[in-house]
Amino acid sequence: MGKDKKTKKGQKDMSCEAAPKNCVQFMLMRYRGEVGLKPKQAMRLGEPLGHGMAHGGTCGALIAALMLTGLAGRADATEPMVHAFQRELGFLTCSDLMRHHVSCNACIKKGCALVDEVLEG
């Protein structure tokens, strides 16, 4: 597996040996190059954390965003990220988000926007 390629629209090419099975894996795979993770590391790290840590707890997209921020050396951004996530989506837990029909894609999109903001800032 080489470096991430950019597509026409500037989106990262997500092709990898194994397809992400949850939001944490998806986000870790998307940003693995920026934080120095190998594909296998990203997949293994994210495996037990998806679906609100497998019990509807804290949203996996938010968990991944915080992990990526920490790996980038920007743990100082944690509190503002959590507040921004909750302000936009209304909830922090997977069970609440799903109960209120907030899609996983919306959570991933917000998580990616937060990570992009931190990595570019």
Side-chain angles (χ1 to χ4, degrees):
M1 166 72 32
K3 293 189 177 213
D4 290 326
K5 299 177 211 162
K6 297 277 184 172
T7 63
K8 244 201 280 190
K9 295 181 181 178
Q11 297 296 316
K12 293 183 182 182
D13 178 8
M14 291 301 298
S15 58
C16 60
E17 304 84 37
K21 296 180 178 90
N22 65 50
C23 48
V24 180
Q25 287 177 323
F26 179 89
M27 289 186 60
L28 293 177
M29 287 297 289
R30 183 177 193 276
Y31 293 99
R32 69 183 184 272
E34 286 89 338
V35 297
L37 287 174
K38 295 177 182 169
K40 191 179 241 182
Q41 291 173 318
M43 293 297 285
R44 285 185 176 169
L45 273 172
E47 190 170 9
L49 300 173
H51 312 292
M53 295 179 283
H55 64 59
T58 303
C59 173
L62 179 58
I63 292 169
L66 297 175
M67 290 171 66
L68 290 159
T69 301
L71 285 168
R74 289 292 317 277
D76 60 300
T78 298
E79 190 174 338
M81 288 176 70
V82 171
H83 291 301
F85 189 92
Q86 186 169 24
R87 186 172 47 252
E88 184 167 322
L89 299 177
F91 306 93
L92 296 176
T93 65
C94 187
S95 58
D96 285 337
L97 289 158
M98 293 183 77
R99 187 173 30 259
H100 289 89
H101 308 288
V102 179
S103 72
C104 290
N105 286 340
C107 295
I108 290 169
K109 184 177 178 180
K110 182 59 182 175
C112 288
L114 292 169
V115 172
D116 287 341
E117 195 174 302
V118 169
L119 293 180
E120 293 168 4

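Numbers here simply count residues along the sequence, with the first being 1. All values below come from the heavy atoms of this structure, side chains included, with hydrogens, waters and symmetry mates left out.
- Looking only at side-chain heavy atoms (C-beta outward), E34 and V115 stay at 4.5 Å or farther from each other.
- The shortest side-chain heavy-atom distance between K21 and E47 does not fall under the 4.5 Å cut-off.
- Minimum heavy-atom separation, M29 to P20: CG-CG, 4.2 Å.
- Contacts classified as salt bridge (charged side-chain N to carboxylate O under 4.0 Å, His left out) and involving residues 112-121 (residues at least two apart or in different chains) are given here: R30-D116.
- I108 is linked by a side-chain contact (heavy atoms from CB on, under 4.5 Å) to C23, F26, M27, A61, C112, counting only residues two or more places apart in sequence or in another chain.
- Between the SG atom in C59 and the CE atom in M98 there is a gap of 10.0 Å [rounded to 0.5 Å].
- Looking at residues two or more places apart in sequence or on another chain, you find no side chain to side chain donor-acceptor pair (under 3.5 Å) involving R44.
- Taking the side chain as every heavy atom from C-beta outward, T69 and L114 never approach each other to under 4.5 Å.
- N22 CG to Q25 CD: the interatomic distance, rounded to the nearest 0.5 Å, is 4.0 Å.
- A search for side-chain contact (heavy atoms from CB on, under 4.5 Å) contacts involving L37 returns L28, R32, V35, Q41, A42, L45, L71, not counting sequence neighbours.
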Got a list of side-chain donor-acceptor pairs under 3.5 Å for residues 88-96, not counting sequence neighbours?
| unit_1 | atom_1 | unit_2 | atom_2 | d |
| --- | --- | --- | --- | --- |
| E88 | OE1 | K110 | NZ | 2.9 |
| T93 | OG1 | D96 | N | 3.2 |
| T93 | OG1 | D96 | OD2 | 3.0 |
| S95 | OG | G56 | O | 3.1 |
| D96 | OD1 | R99 | NH2 | 2.2 |

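- Two residues are said to be in side-chain contact when any heavy atoms from C-beta on lie closer than 4.5 Å; C107 and L62 fail this criterion.
- Here the shortest heavy-atom pairing between G111 and A65 reads O-CB, 3.9 Å.
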(message) Quick one, V82 with L66, criterion side-chain contact (heavy atoms from CB on, under 4.5 Å). Give me CA distance, side-chain angles, the key distance, then yes/no.
(response) CA-CA 8 Å; V82 171; L66 297 175; 4.0 Å; yes
